[in-house]
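This report concerns only the one structure given below.
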Amino acid sequence: MPFTALHPEAGRIDATLPDLGASLEWSRVYKLSPRVALTCPECAWGVHAKHSPNRVRFFCHDGGRPPECTLANESWEHHMLKLEMAGAIRAAGWFAELEVAAADGSWRADVMATSPDSERRMAWEAQLSPITVEDITARTDRYTAEGVAVCWVSPPQAPAGVAGGCTVRACTDARGS
């Protein structure tokens with residue numbers, strides 16, 4: 001269930017942005033007949049616009065998708081954490097793009113934050129599944145090699161792994177306690 005898709009005319013679109021990041025209204029991709037030929041940015045399989053019962057907008061792979069597409073294999077919790085990270089980054093005044101891949105395909109950031117002056121970039125990684133410190137270090141090194149800082153975000157029960165990570169928990173009241 002990716003939050004991003006490739007539009008045949010507008011290019012990369014993002015369901016989490018009011019204008020899809022391309023000056024398009026959701027109604028220009030949602031429930032159109034004939035459908036717009038949207039594709040997954042990772043596997044290039046066809047996708048279509050949907051929303052959850054809670055009105056969270058996303059793109060869904062058409063039937064028969066390749067089983068190895070990691071965007072399609074992420075859990076609902078992983079997607080919601082990506083959405084929360086993007087919202088916090090945008091609220092802090094930075095630009096946030098979801099599911100951004102390196103030109104050579106060596107990495108894909110869950111959320112790529114770019115400073116308002118476009119001078120700094122930081123990949124934000126939602127890590128909910130088990131991972132070794134060695135894997136985190138290797139993935140961090142790939143970002144570092146391209147001048148991208150990285151922050152790993154995980155729930156308290158998951159191992160934080162290496163420096164540059166943080167854990168998150170749900171707030172129980174308005175003060176966050």
Side-chain angles (χ1 to χ4, degrees), residues 1-7 10-26 28-29 38 40-42 47 49 51-52 54-59 70-71 74-129 131 135-156 158-171 173-177:
M1 154 186 138
F3 285 118
T4 57
L6 298 178
H7 187 282
R12 189 175 189 279
I13 58 175
D14 183 336
T16 69
L17 295 171
D19 69 348
L20 304 179
S23 299
L24 285 176
E25 293 182 20
W26 183 246
R28 301 280 309 272
V29 297
L38 303 174
C40 174
E42 182 164 317
V47 296
H51 61 74
S52 74
N54 293 329
R55 312 299 287 173
V56 175
R57 301 182 325 186
F58 62 96
F59 299 100
T70 58
L71 286 176
E74 293 174 341
S75 69
W76 178 255
E77 293 80 11
H78 187 92
H79 287 290
M80 293 301 94
L81 183 51
K82 290 194 307 189
L83 192 57
E84 289 295 324
M85 290 187 305
I89 291 162
R90 291 171 181 151
W94 284 45
F95 183 68
E97 289 182 276
L98 282 91
E99 303 157 354
V100 175
D104 66 1
S106 62
W107 51 260
R108 180 181 49 82
D110 286 330
V111 182
M112 180 62 73
T114 304
S115 64
D117 62 6
S118 299
E119 294 293 318
R120 294 171 288 162
R121 293 189 316 156
M122 177 178 272
W124 288 77
E125 289 291 341
Q127 191 59 51
L128 301 178
S129 58
I131 187 170
D135 286 343
I136 291 175
T137 301
R139 288 174 60 186
T140 299
D141 289 347
R142 287 195 293 271
Y143 286 117
T144 302
E146 293 197 36
V148 177
V150 63
C151 181
W152 295 87
V153 180
S154 63
V162 295
C166 61
T167 58
V168 294
R169 66 177 173 81
C171 292
D173 64 23
R175 295 183 314 264
S177 55

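Worth saying up front: this structure is predicted, and the values here are computed from it rather than measured.
Contact annotation: the side chain of Ser106 approaches that of Glu146 to within less than 4.5 Å [non-hydrogen atoms, C-beta and beyond]. Looking at His7 and Leu38, their side chains come closer than 4.5 Å, going by heavy atoms from C-beta outward. Using a 4.5 Å cut-off on side-chain heavy atoms (C-beta onward), Pro116 and Trp94 make contact. Contact annotation: the side chain of Val56 approaches that of Phe3 to within less than 4.5 Å [non-hydrogen atoms, C-beta and beyond]. At a threshold of 4.5 Å between non-hydrogen side-chain atoms, the residues Leu20 and Trp26 count as touching. Contact check for Arg90 versus Leu17: side-chain heavy atoms found under the 4.5 Å cut-off. At least one side-chain heavy atom of Trp152 sits under 4.5 Å from a side-chain heavy atom of Thr140. Side-chain contact check for Trp76 versus Met1: some heavy-atom pair is nearer than 4.5 Å.
For the atom pair CD (Glu42) and CG (Leu6), the distance works out to 11.5 Å, reported to the nearest 0.5 Å. Summarising the geometry, atom CE belonging to Met80 is positioned 11.0 Å from atom CD belonging to Glu74; distances are rounded to the nearest 0.5 Å. For the atom pair CD of Glu125 and CZ of Arg108, the computed distance is 7.5 Å after rounding to the nearest 0.5 Å. Taking OG1 from Thr114 and CE from Met122, the interatomic distance works out to 11.5 Å, rounded to the nearest 0.5 Å. Note that CD1 of Ile131 is 4.5 Å distant from CD1 of Ile136, once rounded to the nearest 0.5 Å. Going from atom SG of Cys40 over to atom CG of Leu71 covers 5.0 Å, rounded to the nearest 0.5 Å.
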Would you check, one step at a time, whether the test side-chain contact (heavy atoms from CB on, under 4.5 Å) holds for His78 with Asp110? CA-CA 9 Å; His78 187 92; Asp110 286 330; 3.2 Å; yes
Apply side-chain contact (heavy atoms from CB on, under 4.5 Å) to residues Lys82 and Thr16 and explain how you reach the verdict. CA-CA 10 Å; Lys82 290 194 307 189; Thr16 69; over 6 Å; no
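Checked by atom type, the side-chain pair Ser52/Asn54 shows no donor-acceptor distance below 3.5 Å.
With sequence neighbours excluded, the residues forming a side chain to side chain contact (heavy atoms under 4.5 Å, CB included) with Arg28 are Leu24, Glu25, listed by chain and number. For the side chain to side chain donor-acceptor pair (under 3.5 Å) test, no residue two or more places apart in sequence or in another chain qualifies with Glu97.
The heavy-atom pair separating Ser154 from Gln127 by the smallest distance is CB-O, 3.2 Å. Contact between Phe59 and Ala15 at its shortest, heavy atoms only, is CE1-CB, 3.6 Å.
Looking at Asp14, its side chain never comes within 3.5 Å of a backbone N or O of Gly21 through a donor-acceptor pair.
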